[in-house]
Protein chains: 2
Amino acid sequence: MSDQPEERRPRRRTAGVAGTAAHDRTRAYRQLVNPYEPLRVFSDDHVAAIHEAALLILETQGMRVLSEPARRRYEAAGASVNEATMMVRLDRGLVTEALATTPKGFTLHGRDPSRDQPMSGRHVSFACVSGPPNIMDVEGGRRAGTFADFKNLMKLCQSFEVMTILGGGVEPQDIPINIRHLDTTREMLNLTDKIPLVYARGTGQINDNFEMMKIAYGLSDEEFRSKAYATGVINTNSPLQLDIPMAEGLIDFALWGQPTIITPFTLAGAMAPVTIAGALTLAHAEALASVTLTQIARKGAPVIYGSFTSNVDMKSGAPAFGTPEYAKAAFGAGQMARHIGLPWRSSNATASNAPDAQAAYESQMSLWGALMGGCNFILHSAGWLEGGLSTSYEKFILDIEMLQMFAETFQPVSANPADLAVEAIAEVGPSGHFFGCAHTMERYRTAFYAPLVSDWSNYGQWTDAGALTATQRAQKIWRETLANYVEPARDPAVVEAIDAFVAQRKADGGAYPVS
Amino acid sequence: MSDQPEERRPRRRTAGVAGTAAHDRTRAYRQLVNPYEPLRVFSDDHVAAIHEAALLILETQGMRVLSEPARRRYEAAGASVNEATMMVRLDRGLVTEALATTPKGFTLHGRDPSRDQPMSGRHVSFACVSGPPNIMDVEGGRRAGTFADFKNLMKLCQSFEVMTILGGGVEPQDIPINIRHLDTTREMLNLTDKIPLVYARGTGQINDNFEMMKIAYGLSDEEFRSKAYATGVINTNSPLQLDIPMAEGLIDFALWGQPTIITPFTLAGAMAPVTIAGALTLAHAEALASVTLTQIARKGAPVIYGSFTSNVDMKSGAPAFGTPEYAKAAFGAGQMARHIGLPWRSSNATASNAPDAQAAYESQMSLWGALMGGCNFILHSAGWLEGGLSTSYEKFILDIEMLQMFAETFQPVSANPADLAVEAIAEVGPSGHFFGCAHTMERYRTAFYAPLVSDWSNYGQWTDAGALTATQRAQKIWRETLANYVEPARDPAVVEAIDAFVAQRKADGGAYPVS
């Protein structure tokens, strides 16, 4: 029987050419630039209308600000504060003034300048998953995150060039909450040489985190304050509320000159309007109020405009991610960020409970939505699962593959006369092949991305090798990566100084998170 | 221990609101329009240079055309033909003249006008997988395709609105090749009311297929010839060769006024240059030569510009799909199609051997590359696995989910004043929720896409329900869909007439594929 597939495979299959240089190219994954024009869902008029509506909300409703010191700062700057309701109303002049002093871009500095990540224009940075309480792997299942898991995640971040910024990884629930930040920030600084993302859980913890960074980087207070070295996420409590740790975070990071990622978490239909435009209007209002507080604290403080707008399942109320609405909200959020000229953060999110096909396609929807919307900073870019309640080792590896594929998709396509290969086509002739021709031999080593997880072997080879799914292969890869982890170079005196600081602060009782 | 996730979930979770109307919205999946500006990898100068290089190749190298009647047609139109080498050289005037008479767009007509699919501008159509010899499902494994499988695939196509055009599904290897086309086309016409895609395996089979369509649609020869009702794929044998069945297909479809999807299958590094620009240059040259033959056969014959440019693994020679190179080649191919003003076809492809996370992320890369590149026609949009050597039932369902997500991503985001929800935000107030407010109640039924496969339940509910992966859920869904399949209305007299035609042609010995 004929089995002629419609799309014909090459009739001859050669052995190809041996040897690749996949590792050389990963350096290009730092300081990525996205060459594509951002996609849009709104007209310019709609963008302006959403901005106006957000200003109107801040003027007429305002934000409930739970922090008394934050209310005082708003009030001193000219906002109208009702102490009984804790509502802070901002007129548009105050917001506009704040936007005028907010940097349109800046650089997050690494310990080594080669690790710097620009936050502006078409630059893209990928940051690790941050904050899930649970950890999962396909063998061990789902369990509370531990310090050992946290350290593993930092080692995995260090091992892949595409991951340029850290994240909380997973909550190490085996460490008391008053000293957890000391141990996690120390390990970020020990196990990686990448840019830290630390939590805003009150002034005490923030100061500890920044003090450790100053020791690690050998910076005075003034030097640290003069450049962006670390970042942290500020989530408003949508709708229209700013709680105590978040308000403290906005102020403290601003005073230290460090950028907050201001991210209203607006689930359309639940804590935000059911319409995408409405959820983005609310998010924009909350972001503007928060940006304003940073500029009141310190004019010129860097910020990143964060968006996390998705929808819920209207039957159950369950949050959903990587949905069509999520992708469209990302395109729209990018337009709002560009409208006010700020770098923009989005996420690689999925609601899947397993590192399976759903996790992959929802992550792809999130990533394409964010990246083709012009995103500068993708948080949770590797490892997030279960709507952010778990970090998955296998998902981390699947995500790294996807991030690397985006990094490669961003590399320009050369179309010089030699690339058009007219001579090679003449040389090979009709029904020949290009494996051995000079045009190929000069280029094959770096022509294509060599995958991390993807298996392109034929069905027989794949079956002989155990018929492993991508998730099973990812399990092997994270284990091998941890086994092959290489520590960054560290100055023993610095390590000792950090350790001494941590020991002293633990002896002092650490710092409890504020709530 | 605290388990405060960084990104805060809503603190209160309500039960949501019951009842959705997911099925009503699927009508909007017909005649889809992609609202996004196509992404580009080439400058206008590069596009012009690739077009020029392709013309130069056709002038100086030409195509090897294995069909003698096709060579005669080229020659009569003014091409230079070398009978010894079978090389046909086309000067740019001949190609330019052909492009001038090729329609810039047309409509593929359904039996019912509501099934019409425009092939122009930003319109998007999804067609089923076509041609794999093997079938797979997670229980039954991988085996040769059968007629029963083919019929199942047609029923699945009929069951999802987003699938607007058919495809070969899987090769029914239990039917002899001289009568296979009779049985498959009959079942397309019996089991669905969607637009057929038939194979170009020689004039005999093509005429049989079109005769059955004329009977089914009640059309005279002239009526059939006057509009596009069916389509078929023409693959060149890259590099630079056009074989007998493909040349016959170009001519026969053109004479019948039916559109061919002219698709060079150019794997960079194997049967095409190792550079994306070179592989696209070769593909463009082959497409131009093929388009020219259609216009020589019948001026004004509709065609679709197909692209299938991917890369191979340079270590093994294995074809790869859904790679970064694939996505960038798709963006570039779309630019070439628009340069000559033709509707453009791409594919949803993956090299994965299983319907797993790799299959999902490679398909997403293919689909985003094609669709954000401005594609009008996605072949293999559901069911393709293993580089086109297998059709997978589970992958079919996973793909339908992804296609529906794109269809939803294409629906415009409304941003009228009411959508901005300023009043609802005032009504709900700080830290309230939107589940019960009037703004939500008026919209919740149709606000969001309701997924087919995705499971958004929480980890406990998901575990209680068996902890099924997306692939396992897809298995349940294709079985249920087949069980619930509804036949389209058919005129018994027409069914009888088609059956009589098939019986007669079988008695006559059918028609063997040409090779």
Student: In terms of heavy-atom proximity below 4.5 Å to chain B, should A447(A) be classed as side chain, backbone, both, or neither?
Tutor: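 It is both, since atoms from each part get that close.
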
Student: Under 4.5 Å heavy-atom distance to chain A, tell me which part of Q364(B) shows up: side chain, backbone, both or neither.
Tutor: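 Q364(B) touches chain A through backbone and side-chain heavy atoms alike.
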
Student: Measure centre to centre between the rings of F331(A) and Y36(B), then say whether the value is under 6.0 Å.
Tutor: yes

Student: Return the option, out of A360(A), A279(A), G269(A), with the maximum number of heavy-atom pairs under 4.5 Å with chain B.
Tutor: G269(A)

Student: Go through the atoms of M365(B) and report whether side chain, backbone, both or neither lie under 4.5 Å from a heavy atom of chain A.
Tutor: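 Both backbone and side chain of M365(B) come within 4.5 Å of chain A.
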
Student: Taking A320(A), A354(A), P412(A), G145(A) one by one, which has the highest count of heavy-atom pairs under 4.5 Å against chain B?
Tutor: A320(A)

Student: Measure distances from F42(B) to the heavy atoms of chain A and classify the residue's part below 4.5 Å as side chain, backbone, both or neither.
Tutor: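 For F42(B), the contact with chain A is made by the side chain alone.
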
Student: At a heavy-atom separation under 4.5 Å, does A424(A) approach chain B through its side chain, its backbone, both, or neither?
Tutor: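 No part of A424(A) comes within 4.5 Å of chain B.
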
Student: Is it the backbone or the side chain of A329(B) that comes under 4.5 Å from a heavy atom of chain A, or both, or neither?
Tutor: neither

Student: Distance-only, no hydrogens or angles: does the N134(B) side chain make a donor-acceptor pair with backbone N or O of L389(B) under 3.5 Å?
Tutor: yes

Student: Do you know which of A426(B), A327(B), A421(B) has the most heavy-atom pairs with chain A at a distance under 4.5 angstrom?
Tutor: A426(B)

Student: Ignoring hydrogens and geometry, is there a side-chain-to-backbone donor-acceptor pair from N235(B) to T263(B) under 3.5 Å?
Tutor: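 At least one qualifying donor-acceptor pair exists.
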
Student: Begin from the C-alpha positions of K328(A) and E408(B) and carry the test salt bridge (Lys or Arg N to Asp or Glu O under 4.0 Å) through to its verdict.
Tutor: CA-CA 9 Å; K328(A) 290 193 281 191; E408(B) 294 280 347; 5.4 Å; no

Student: Measuring heavy-atom distances to chain B, does P35(A) have an atom under 4.5 Å in its side chain, in its backbone, in both, or in neither?
Tutor: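 P35(A) has no heavy atom closer than 4.5 Å to chain B.
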
Student: Is the backbone of E386(A) close enough, under 3.5 Å, to the side chain of S390(A) for a donor and an acceptor to pair up by distance?
Tutor: no

Student: Determine yes or no for a side-chain-to-main-chain donor-acceptor pair under 3.5 angstrom, with H46(A) supplying the side chain and V413(B) the backbone.
Tutor: no

Student: Pair Y444(B), F434(B) - check ring-ring contact (aromatic ring centres under 6.0 Å, His included), show working.
Tutor: CA-CA 11 Å; Y444(B) 77 91; F434(B) 290 77; over 10 Å; no

Student: Can you tell which of P273(A), A277(A), G278(A) has the highest number of heavy-atom pairs within less than 4.5 Å of chain B?
Tutor: P273(A)

Student: Can you tell me which of A415(A), A407(A), P324(A), A470(A) forms the most heavy-atom pairs within a distance under 4.5 Å of chain B?
Tutor: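 Of the options given, most contacts go to P324(A).
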
Student: Checking heavy atoms, do the side chain of S414(A), its backbone, both or neither come under 4.5 Å from chain B?
Tutor: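 Contact with chain B involves the backbone of S414(A) alone.
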
Student: Select one option (side chain, backbone, both, neither) describing which atoms of M63(B) are under 4.5 Å from chain A's heavy atoms.
Tutor: neither

Student: Among side-chain atoms of T409(B) and Y449(B), is any donor-acceptor pair under 3.5 angstrom?
Tutor: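 No, because no side-chain N or O of T409(B) sits under 3.5 Å from a partner of the opposite role on Y449(B).
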
Student: What option among V41(A), L39(A), N311(A) has the most heavy-atom pairs under 4.5 Å with chain B?
Tutor: N311(A)

Student: For chain A, which candidate among A144(B), G322(B), A357(B), A351(B) shows the most heavy-atom pairs at distances under 4.5 Å?
Tutor: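 Highest number of heavy-atom pairs under 4.5 Å: A357(B).
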
Student: Is I57(B) in contact with chain A via its backbone, its side chain, both, or neither, using a 4.5 Å heavy-atom distance?
Tutor: side chain

Student: Report yes or no: does S130(B) contribute a side-chain atom to a donor-acceptor pair with the main-chain N or O of G168(B) at less than 3.5 Å?
Tutor: yes

Student: For F406(A), check ring-ring contact (aromatic ring centres under 6.0 Å, His included) against everything at least two apart and list the hits.
Tutor: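 By the ring-ring contact (aromatic ring centres under 6.0 Å, His included) rule, F406(A) matches W368(A).
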
Student: Sort I50(A) into side chain, backbone, both or neither according to what part of it lies under 4.5 angstrom from a heavy atom of chain B.
Tutor: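 Both the backbone and the side chain of I50(A) come within 4.5 Å of chain B.
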
Student: According to salt bridge (charged side-chain N to carboxylate O under 4.0 Å, His left out), who are the partners of E442(A), at least two apart in sequence or on a separate chain?
Tutor: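 In terms of salt bridge (charged side-chain N to carboxylate O under 4.0 Å, His left out), with neighbours along the sequence ignored, E442(A) is linked to no residue.
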
Student: Of all of D356(B), L56(B), L240(B), L398(B), which one pairs up most often with chain A through heavy atoms under 4.5 Å apart?
Tutor: D356(B)

Student: Would you say S43(B) and D45(B) are linked by a side-chain donor-acceptor pair, where the criterion is simply a distance under 3.5 Å?
Tutor: no

Student: Check for a donor-acceptor pair, side chain of W462(A) on one end and backbone N or O of L468(A) on the other, with a separation under 3.5 Å.
Tutor: yes

Student: Please classify the contact of A49(B) with chain A as side chain, backbone, both or neither, using a heavy-atom distance under 4.5 Å.
Tutor: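 Both parts, heavy atoms under 4.5 Å.
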
Student: If you tally heavy-atom pairs under 4.5 Å against chain A, which of T469(B), N353(B), V453(B) wins?
Tutor: N353(B)

Student: Taking every non-hydrogen pair under 4.5 Å, which of E401(B), R64(B), R40(B) racks up the most with chain A?
Tutor: R64(B)

Student: Quick check on A268(A) against chain B: is it the side chain, the backbone, both or neither that has a heavy atom closer than 4.5 Å?
Tutor: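 For A268(A), backbone and side chain are both near chain B.
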
Student: Does the N416(B) side chain pair with the main chain of D419(B), one donor and one acceptor, at a distance under 3.5 Å?
Tutor: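 Side chain of N416(B) to backbone of D419(B): no pair is present.
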
Student: Out of A53(B), A474(B), A285(B), which one racks up the most heavy-atom pairs below 4.5 Å with chain A?
Tutor: A53(B)

Student: Ignoring hydrogens and angles, tell me if any N or O in the side chain of R180(A) forms a donor-acceptor pair with the backbone of I175(A) under 3.5 Å.
Tutor: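 Such a contact is found between R180(A) side chain and I175(A) backbone.
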
Student: How far apart are the closest heavy atoms of V274(B) and T440(A), and which atoms are they?
Tutor: CG1-CA, 3.9 Å

Student: With a 4.5 angstrom heavy-atom cut-off, which part of M405(B) approaches chain A: side chain, backbone, both or neither?
Tutor: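 When you check distances to chain A, atoms from both the backbone and side chain of M405(B) fall under 4.5 Å.
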
Student: Can you tell me which portion of L420(B) sits under 4.5 Å from chain A's heavy atoms? Options are side chain, backbone, both or neither.
Tutor: both

Student: Among D455(A), T463(A), V422(A), which residue has the highest count of heavy-atom pairs closer than 4.5 Å to chain B?
Tutor: D455(A)

Student: Which bit of E37(A) comes within less than 4.5 Å of chain B, counting heavy atoms only: side chain, backbone, both or neither?
Tutor: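 For E37(A), backbone heavy atoms alone lie under 4.5 Å from chain B.
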
